[in-house]
Amino acid sequence: MLEAVIGLEIHSQLKTKSKLFCDNLNDPQESHPNVNVCPVCMGHPGTLPALNKKAVEQVIRVGLALDCAIAERSKFDRKNYFYPDLPKGYQISQYDMPLCEKGVLRVGEKDIRITRIHLEEDTGRLVHDAYGASLVDFNRAGVPLMELVTEPDIASADEAVGFARAFQTILQYLDASHANMEKGQMRCEVNISMHEKGKPFGTKVEIKNLNSFAAVKNAIEYETKRQSELLGKGKEVIQETRGWDDNKKATVSQRLKESAHDYRYFPEPDLPVLELGKKAGMPEEAIIDVEKLRASLPELPKQKQKRFEKEFDLGEKEAILLVSDKGTASFFEHALSELMSMAKEFTEAKKQLAKLAINYLNSDLRALINETGTPVSEMRVTPENFAELIALIHKSAITSAVAKSVLAEMFATGKDPSNIIEEKGLAQVSDAGELEEKIKAIISANPKAATDFKAGNQNALQFLLGQLMASTKGKANPEASTEILKKFLS
Ligand code: ADP
Ligand code: MG
């Protein structure tokens, strides 16, 4: 049986104000071409790069979050190659002295080792027009780009996607990158080979152009099959770079693999070697204080998950789902702390309220979010208003049918739930007298169902209840109504 051996290389654009070596705006989404450019990022002769300290600090924070060893000394190197999107004819990157090495990220039950994380500059972008001409946009050239490389510890498409997703979440918690794959803010390259378990690794292929998690998964599955078939026929896998063609749903050969010596790496002469940590005699502004950065790390997804499990009595799967999106996790926490401050008796019902909030978050609210493509952090439902809705449901002030429509209205308008309920007269009817009146009317309008129920048909009761809900727009308290119906029909 052949097994897949997979290593990932993930590039992420860092969220800094300016580019890596000049003070142009770091805004690769800028739609007007070539506005954020200057002689430094255009590589004009005689210009000098000046390192953006914030970018270095962000990479170190990511390294710390992934249990990496942080270098005491690090340097930049020139990676030389020619391509029209590379104005200098070389990319400033890091070769043998990266900022971070030897980390680990646990995904499910498995530790995936991280070889290194280094800092480099992004390239410009080629735009191919309708007439066959190629244009170059340098807004992206010089944007800080972090590259993470894993050991070949990954064994399947699902594991690879699991790693990439977990890493994306960490970047978002650290506020280091938007890390949106569709926008090119996070880009995965997959290295994959096949071998018999226990035998040496086979020849690997590198796959580029993967701009979604689905593409990563599909490309690995495709390549696993392609390489297995080749090897099964006694043929060889060629070491090469392949691209993912999303239309053909196939990987296609791009070029034979280059190796490090093709790039003629050499130390960047215009940047001094970086000393990390506090060193005697360093000017204050040059200090990159690793221990201070360590102390500044926020609560990370794994820690939040563990805390949520304890504090709200959540199952592991439930907690993982909740923390896997930073916006959702903080919305939930904010709503819960709002609820706790509303009423004293709520503190004793904390776990119950948490459950209720999660249920609405994962079903009705999630559906609205998915339908409209609005991220949690941008939707109009505030945690305060959501907390109020959960409190109303908890106190049985509204039925779940009404809650659903109130939530939809909140989502569309940003109004608070009590206003909506008042405006539309949606408060739950639990008053026995009022319910009895309505139920009498339902029974006399549906004599057949009433007789059927008396004859032992339980479905008839559900039917009558349904009629009642329709006539009250879902406001009738279901438990109280069932009792009254049974009383009248016994
Ligand atoms: P290269 O020198 O070709 O760039 P590296 O050794 O630097 O190769 O590794 C690049 C990536 O390929 C890493 O993520 C590494 O884990 C992965 N890798 C290395 N060898 C293999 C292999 N035989 N099969 C699959 N992936 C591999
Ligand atoms: Mg690179």
With no hydrogens and no angle check, is any side-chain donor or acceptor of Glu318 less than 3.5 Å from a backbone partner on Leu314? no
Once you measure the plane-to-plane angle for Phe163 and Phe167, does it fall in the parallel (<30°), tilted (30-60°) or perpendicular (>60°) bin? parallel
SG-CG distance between Cys100 and Leu66, expressed to the nearest 0.5 angstrom: 8.5 Å
Between Ala357 and Leu336, which heavy-atom pair has the shortest distance, and what is it? CB-CD2, 3.9 Å
Taking NZ, NE, NH1 and NH2 as the nitrogens, is one of them in Glu120 or Lys79 under 4.0 Å from a carboxylate oxygen of the other? no
Crowding at NZ, Lys17 (>12 non-hydrogen neighbours, <6.0 Å): no
Are any side-chain N or O atoms of Thr115 and backbone N or O atoms of Glu151, one a donor and one an acceptor, separated by less than 3.5 Å? yes
Would you check if there is a donor-acceptor pair between the side chains of Gln13 and Ser177 at a distance under 3.5 Å? no
Spell out, as yes or no, whether a donor-acceptor pair under 3.5 Å connects the side chain of Lys326 to the backbone of Gln172. yes
Please check if the distance between the ring centroids of Tyr263 and Tyr95 is under 6.0 Å. no
Hey, are the side chains of Leu2 and Gln227 touching, using non-hydrogen atoms and a 4.5 Å cut-off? no
Minimum side-chain heavy-atom gap Glu189-Leu210 below 4.5 Å: no
For atom NZ of Lys279, decide whether the heavy atoms of other residues, nucleotides or ligands shown that lie under 6.0 angstrom number more than 12. yes
Decide yes or no on side chain to side chain contact (heavy atoms under 4.5 Å, CB included) for Leu274 and Leu99, but give the supporting numbers first. CA-CA 9 Å; Leu274 254 185; Leu99 287 167; 4.1 Å; yes
Note: Asp85-Arg125 ion pair, threshold 4.0 Å (strictly below): no
Under a 3.5 Å cutoff, is there a donor and acceptor pairing between the side chains of Ser74 and Gln94? yes
Just by distance, do the side chain of Thr150 and the backbone of Leu8 share a donor-acceptor pair under 3.5 Å? yes
Nearest heavy-atom pair of Asn80 and Arg264: which atoms, and what distance? ND2-O, 2.7 Å
On a heavy-atom basis, the closest approach of Asn52 and Ser18 is ND2-O, 3.2 Å
Is the shortest side-chain heavy-atom distance between Glu333 and Arg307 below 4.5 Å? yes
Apply side chain to side chain contact (heavy atoms under 4.5 Å, CB included) to Asn34 and Asp137, showing your working. CA-CA 5 Å; Asn34 299 310; Asp137 174 9; 3.8 Å; yes
Going from CD1 on Ile92 to CD on Glu268, what distance comes out if it is rounded to the nearest 0.5 angstrom? 4.0 Å
Count the heavy atoms of every other residue, nucleotide or ligand shown that sit under 6.0 Å from NZ of Lys183, and state whether that count exceeds 12. no
Flag side-chain contact, heavy atom, 4.5 Å: Leu135 against Pro33: no
Closer than 3.5 angstrom, by distance alone: can the side chain of Glu147 be matched with the main-chain N or O of His118 as a donor-acceptor pair? no
Show your reasoning for whether side chain to side chain contact (heavy atoms under 4.5 Å, CB included) applies to Glu30 and Leu25. CA-CA 10 Å; Glu30 167 62 61; Leu25 215 56; over 6 Å; no
Residue of the set Asn26, Thr123, Asn36, Val37 for which side-chain contact (heavy atoms from CB on, under 4.5 Å) holds with Arg140: Thr123
Is the number of heavy atoms from other residues, nucleotides or ligands within 6.0 Å of NZ (Lys302) greater than 12? yes
Would you check if there is a donor-acceptor pair between the side chains of Ser418 and Asp416 at a distance under 3.5 Å? yes
Does a sphere of radius 6.0 Å around CD1 in Ile238 hold more than 12 heavy atoms from other residues, nucleotides or ligands, not counting ones at 6.0 Å or beyond? no
Would you check if Arg242 and Glu206 make a side-chain contact, meaning some heavy-atom pair closer than 4.5 Å? no
Is the shortest heavy-atom distance from the side chain of Ile154 to the side chain of Ile220 under 4.5 Å? no
Sidechain N-carboxylate O distance under 4.0 Å for Glu291, Lys278: no
Heavy atoms only: give me the nearest Met181-Cys188 pair and the separation to one decimal. CE-SG, 3.9 Å
Output yes when Arg78 and Asp270 qualify as a salt bridge under the 4.0 Å nitrogen-oxygen rule, no when they do not. yes
Treating Gln168 as the side-chain partner and Ala179 as the backbone partner, does any N or O pair qualify as donor plus acceptor under 3.5 Å? yes
Please confirm whether the backbone N or O of Glu285 pairs with a side-chain atom of Lys53, one donor and one acceptor, at under 3.5 Å? yes
For a quick test of reading the model, state the closest non-hydrogen atom pair linking Phe138 to Pro84 and the distance between them. CZ-O, 3.9 Å
Inter-residue atom distance His334.NE2 - Leu339.CG, 0.5 Å rounding: 11.0 Å
Set out, in order, the CA-CA distance, both residues' side-chain angles and the distance that settles side chain to side chain contact (heavy atoms under 4.5 Å, CB included) for Asp246 and Asn211, then state yes or no. CA-CA 10 Å; Asp246 215 28; Asn211 43 27; 5.5 Å; no
Do you know the tightest heavy-atom contact between Leu365 and Leu407? N-CD2, 3.8 Å
Within a 6.0 Å radius of atom CD on Glu422, are there more than 12 heavy atoms belonging to other residues, nucleotides or ligands? no
Just by distance, do the side chain of Tyr173 and the backbone of Val323 share a donor-acceptor pair under 3.5 Å? yes
Could you check whether Asp122 pairs with Lys19 (Lys NZ or Arg NE/NH1/NH2 to Asp/Glu carboxylate O, under 4.0 Å)? no
Distance in Å, Glu229 CD paired with Met194 CE, rounded so as to fall on 0.5 Å steps: 11.0 Å
Report, as yes or no, whether the 6.0 Å neighbourhood of atom CD on Glu72 holds more than 12 heavy atoms from other residues, nucleotides or ligands. no
Salt bridge (Lys or Arg N to Asp or Glu O under 4.0 Å), paired with Arg106, selected from Asp153, Asp111, Asp67: Asp111
Say you draw a straight line from NE2 of His44 to SG of Cys38; how long is it, rounded to the nearest 0.5 Å? 9.0 Å
Using a strict threshold of under 4.0 Å (side-chain N to carboxylate O), is an ion pair present between Asp77 and Lys75? yes
Under 3.5 Å, is there a donor-acceptor pair linking the side chains of Glu9 and His11? no
Counting N and O atoms only, with roles assigned by atom type, does the side chain of Arg61 sit under 3.5 Å from a partner on the main chain of Leu174, one being a donor and the other an acceptor? yes
Counting only N and O atoms by type, is there a donor-acceptor contact under 3.5 Å from the side chain of Asp364 to the main-chain atoms of Tyr360? no
Output for pair (Lys249 NZ, Asn218 CG), nearest 0.5 Å, gives 6.0 Å
With a 4.5 Å heavy-atom cut-off, do Leu171 and Met146 have their side chains touching? yes
Going by heavy atoms in the side chains, are Leu145 and Arg187 under 4.5 Å from each other? yes
Over 60° means perpendicular and under 30° means parallel, so tell me whether Phe386 and Phe331 are parallel, tilted or perpendicular. tilted
Can you establish whether the number of heavy atoms outside Asp175 located under 6.0 Å from its atom CG is more than 12? yes
